[in-house]
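The structure under discussion appears below in the form of structure tokens.
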Amino acid sequence: GESVGLHLPTLSVQEGDNSIINCAYSNSASDYFIWYKQESGKGPQFIIDIRSNMDKRQGQRVTVLLNKTVKHLSLQIAATQPGDSAVYFCAGNTGGGNKLTFGTGTQLKVEL
Amino acid sequence: DTGVSQNPRHKITKRGQNVTFRCDPISEHNRLYWYRQTLGQGPEFLTYFQNEAQLEKSRLLSDRFSAERPKGSFSTLEIQRTEQGDSAMYLCASSLGTTNTEAFFGQGTRLTVV
């Protein structure tokens, strides 16, 4: 069935370290993926996206890697800061209309 | 503010009452989506519009739920005869009408049914 899930529910990192958040998906037809950051009480905030014709995309302090062979993507955050503390969701498109299927999220905690 | 706007931010209602939420998308976006999010979970798709046409509804959208986008701009989501299980964050998102473009979310409406 269609599902997008994350390996770890909570990730704790020291300030300044790099963070890696992983995500697995099951729908091989998904060809577009987005990472969102969600702070408590707020809506998801777009971080970065990647299309299936790419295996890597970089943004400011963030990198998304896509491995279509094993249906896995990851979000790397460089030099993690306290402001990065939030829940991170991966989402993949399913069906038409760009509707998204979300995973359950990973709580990133940045320790000072 | 040119982002997606949702009103109200919070709504507390008694079981059995009707509630209506509003979403104003980013102005040039012709696709509008409604999602529901419960605590500790990712958002779940409810329905989406292309301009004024409602093109898809999830099985999560029971008969008590209705969404409209009459002029292809703002949208409303109404829940009739609310139940405690309807308590959740209702999120609206919008995107351009082209394939595989990012969807931007509003801050959501937190519904509590007591």
Side-chain angles (χ1 to χ4, degrees), chain A residues 1-10 21 23-27 29-54 57 59 62 64 66 75 86-107, chain B residues 1 3-7 9-10 21 23-26 29-51 53-61 69 88-110 112:
Chain A
E2 300 174 347
S3 68
V4 178
L6 299 176
H7 292 305
L8 297 174
T10 304
I21 301 172
C23 178
Y25 63 96
S26 62
N27 186 350
S30 294
D31 60 2
Y32 178 63
F33 303 90
I34 304 177
W35 280 99
Y36 286 95
K37 172 187 179 183
Q38 188 173 28
E39 297 174 276
S40 180
K42 296 184 178 181
Q45 176 187 356
F46 174 89
I47 301 174
I48 192 168
D49 60 359
I50 189 167
R51 292 169 175 74
S52 60
N53 60 351
M54 304 172 69
R57 190 162 190 229
V62 295
V64 55
L66 175 62
L75 177 70
V87 177
Y88 289 80
F89 293 98
C90 65
N93 67 339
T94 51
N98 283 352
K99 67 176 182 179
L100 298 170
T101 297
F102 283 78
T104 53
T106 292
Q107 174 79 55
Chain B
D1 187 353
V4 178
S5 176
Q6 292 188 247
N7 288 289
R9 291 294 309 278
H10 304 274
F21 311 139
C23 172
D24 288 88
I26 295 172
H29 287 181
N30 51 15
R31 284 189 180 162
L32 185 148
Y33 311 81
W34 285 99
Y35 288 80
R36 180 173 68 187
Q37 185 178 28
T38 54
L39 197 62
Q41 301 296 315
E44 295 174 294
F45 170 79
L46 293 178
T47 189
Y48 92 95
F49 293 83
Q50 173 89 22
N51 300 313
Q54 187 173 18
L55 296 186
E56 188 171 347
K57 294 193 289 186
S58 162
R59 288 171 294 177
L60 295 175
L61 213 63
R69 194 183 184 198
M89 174 80 87
Y90 290 84
L91 293 162
C92 176
S94 70
S95 74
L96 293 170
T98 52
T99 301
N100 294 342
T101 56
E102 57 267 35
F104 295 93
F105 282 81
Q107 298 288 46
T109 294
R110 168 74 65 188
T112 302

Would you kindly say whether A/Tyr25 and A/Thr101 are connected by a side-chain donor-acceptor distance under 3.5 Å? no
Please check if any side-chain donor atom of B/Thr47 sits under 3.5 Å from a side-chain acceptor atom of B/Gln54, or the reverse. yes
Quick check on [X] against chain A: is it the side chain, the backbone, both or neither that has a heavy atom closer than 4.5 Å?
| X | value |
| --- | --- |
| B/Thr101 | both |
| B/Leu55 | neither |
| B/Glu102 | both |

For B/Cys92, is there any backbone N or O sitting under 3.5 Å from a side-chain donor or acceptor partner on B/Gln6? yes
Can a donor-acceptor pair be found, under 3.5 Å and without considering hydrogens, that links the side chain of B/Arg31 to the backbone of B/Asn51? no
Could you look at A/Gln45 and say if it's the side chain, the backbone, both or neither that has a heavy atom under 4.5 Å from chain B? neither
Which region of A/Leu100, side chain (C-beta onward) or backbone (N, CA, C, O), has a non-hydrogen atom less than 4.5 Å from a non-hydrogen atom of chain B, or is it both or neither? both
Leading residue by heavy atom contact count with chain A [cutoff under 4.5 Å; candidates B/Ala93, B/Gly40, B/Gly42, B/Pro43]: B/Pro43
Given the options B/Glu44, B/His10, B/Gln37, which has more heavy-atom pairs under 4.5 Å with chain A than any of the others? B/Gln37
Answer whether the closest heavy-atom distance between the side chains of B/Thr109 and B/Met89 falls below 4.5 Å. no
Do the ring centers of A/Phe89 and A/Tyr36 come within less than 6.0 Å of each other? no
